Amino acid sequence: MATNGYSNGGSTKGKPIKCKAAVAWGPGEPLVMQEVEVAPPARMEVRVKVLYTSICHTDLSFWRGENERQRRFPRIFGHEAAGVVESVGEGVEDLAPGDHVVPIFNGECGTCAYCHSSATNLCGTYRVDAFKSTMVSDNGTRFSVVNTSGDTVPVYHFLNTSTFAEYTVLDAACAVKINPAAPLEKMCLLSCGISTGVGAAWNTANVSKGSTVAIFGLGAVGLAVGEGARIRGASQIIGVDINPEKFAKGKEMGITDFVNSKACGKPVHEVIRELTDGGVDYSFECSGNVDVLREAFVSTHDGWGLTVVLGIHPTPRMMPLHPMELFDGRRITGCTFGDFKGKSQLPLLVDQCMQGEVKINFDGFITHEMPFSEINEAFRLLEEGKSLRCVLRL
């Protein structure tokens, strides 16, 4: 039997569940809190009771419909969450009802060539796919709703997760079993923001003690990069943003210097080169702006500088650098989910946090807590730059 007031008596196993969900019916339209039907999990799937979910800028981007090719409505967004397994489908052996889980958008089947490779955290079948809106097993959906005409219509999935619902169905490869003693209201941040940022510093860049770092964009992911760099012992962590109000929060996450790119009076890379005697060892682009990416790249030191791209770029514009610039020794790479292999590596990270071996400031990221019914207000706060992470209680 699970904690958090949840128990699975078997009464819902194999049956549809009706529950509340925040359904998006069109780009930028307020989410509608309404009843949906959630089908039982199919083969290699699990149905999860979501207890906590939070909102990320990626949710905002897709809700706005910034990339027309990725629009699919009606849809249930959400990809940061934590909950309890309600039931499992045929073939699932590593999860059981009552298990505490964190959904992940970048799955891990554990059997394909990608999962067996130490060079990548992508999976051949369950990797993140921004264009995917259905389940792997049958290309169908597990959500349905009655529309305004009285017809029952499918509701599409989002980033392998769809956590803005009291119940969701996940591929088993996208559900990470964690220590049941871990506080789920904090662990939900490992679904995306903290794992992505901290992992970018640890796994992708492998930030070393005494090194210098610049972070472009001080949202939750950027601040998580700062947290990861701080834990690794970086000597100088420079935060770059157009909003000076973010600098106070940055200090909590180990950022030592701040650059307001709107007020510095010269290109940011020149300021950073002056601060660091030639450029930083590592830069992280967390804004999704190609002009900012250019500044991040040329802010690194020639000979060994590494730029890690974390921002989501909806623009059709291409990389803003010339191939010959790479001959100066600077490197650039992308990062998905902090290069963590979710199912095999996140449980250890949770245990290390519980035991005090790794001290991530989870509380510093949670600026608001609200009931699920106030999700549109939570969207507004994030859109206006007034929150980092708002955790919603379901």
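The figures that follow rest on heavy atoms only: side chains count, while hydrogens, waters and symmetry mates do not. The chain is numbered in sequence order, starting from 1. All values derive from a computational prediction rather than experimental measurement.
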So, [X] side chain and [Y] main chain: donor-acceptor pair closer than 3.5 Å or not?
X	Y	result
T152	V145	no
W202	V207	no
N203	A200	no
K341	T120	yes
D241	L218	yes
N160	D171	no
E227	N361	yes
K251	F247	no
R47	V88	no
T163	H79	yes

Got a salt bridge between [X] and [Y], using NZ or NE/NH1/NH2 to carboxylate O under 4.0 Å?
X	Y	answer
E90	R43	yes
E377	R380	yes
E274	K266	yes
E270	R273	no
D94	K177	no

Side-chain H-bond candidate by donor/acceptor type, [X] with [Y], under 3.5 Å:
X	Y	result
S137	E45	yes
E383	H57	no
N206	R232	yes
T336	N106	no
D281	H301	no
N121	E108	no
S299	S283	no
Q34	W25	yes

Would you say that more than 12 heavy atoms from the other residues, nucleotides or ligands in this model lie under 6.0 Å from the [atom1] of [X], or not?
X	atom1	value
D277	CG	no
Q355	CD	yes
F131	CZ	yes

Step by step, work out the side-chain contact (heavy atoms from CB on, under 4.5 Å) result for I178 and D351.
CA-CA 8 Å; I178 64 169; D351 289 342; over 6 Å; no
What do you reckon, are the aromatic ring centroids of [X] and [Y] less than 6.0 Å apart?
X	Y	value
F164	F77	no
F216	F284	no
F73	Y156	no

Taking all non-hydrogen atoms of both residues into account, name the closest pair between [X] and [Y] and its distance.
X	Y	answer
T212	S235	CG2-OG, 4.2 Å
R72	S133	NH1-OG, 2.9 Å
L306	A205	CD2-CA, 3.8 Å
C123	C112	SG-SG, 4.0 Å
G279	T276	N-OG1, 3.0 Å
C19	Y167	SG-N, 3.7 Å

ILVMFWY cluster, [X] and [Y] together (side-chain gap under 4.5 Å):
X	Y	answer
L223	V309	no
F62	I312	no
V92	V101	yes
L184	L348	no
I272	V213	no

Could you give me the CA-CA distance, side-chain angles and deciding distance for V23 and V36, then say whether side-chain contact (heavy atoms from CB on, under 4.5 Å) is met?
CA-CA 9 Å; V23 181; V36 299; 3.8 Å; yes
Which pairs with one or both residues in residues 291-314 pass salt bridge (charged side-chain N to carboxylate O under 4.0 Å, His left out), sequence neighbours excluded?
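Qualifying pairs: D291-R317, R294-E325.
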As a quick check of understanding, evaluate side-chain contact (heavy atoms from CB on, under 4.5 Å) for V46 and V169, giving each step before the final call.
CA-CA 6 Å; V46 298; V169 175; over 6 Å; no
Hey, are the side chains of L310 and V308 touching, using non-hydrogen atoms and a 4.5 Å cut-off?
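Side-chain contact under 4.5 Å: yes.
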Answer whether the closest heavy-atom distance between the side chains of P40 and S87 falls below 4.5 Å.
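Contact flag for P40/S87 side chains = no.
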Determine whether T168 and T161 satisfy the following criterion, side-chain contact (heavy atoms from CB on, under 4.5 Å), listing intermediate values before the conclusion.
CA-CA 7 Å; T168 189; T161 47; over 6 Å; no
Begin with the C-alpha distance, continue with both residues' side-chain angles, and end with the deciding distance and a verdict on side chain to side chain donor-acceptor pair (under 3.5 Å) for E374 and H368.
CA-CA 11 Å; E374 296 182 20; H368 298 77; over 6 Å; no
Qualifying ring pair (Phe, Tyr, Trp, His ring centres under 6.0 Å) pairs with a residue from residues 340-364, counting only residues at least two apart or across chains:
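Checked against ring pair (Phe, Tyr, Trp, His ring centres under 6.0 Å) - neighbours excluded - no pair reaches residues 340-364.
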Show me the donor-acceptor pairs within less than 3.5 Å that the side chains of residues 385-394 make with the rest of the protein, sequence neighbours left out.
residue : atom : partner : partner atom : Å
K386    : NZ   : E384    : OE1          : 3.1
R389    : NE   : E80     : OE1          : 2.7
R389    : NE   : E80     : OE2          : 3.3
R389    : NH2  : E80     : OE2          : 3.2

At what distance, to the nearest 0.5 angstrom, does OG1 of T134 lie from CZ of R142?
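These two atoms lie 9.0 Å from each other.
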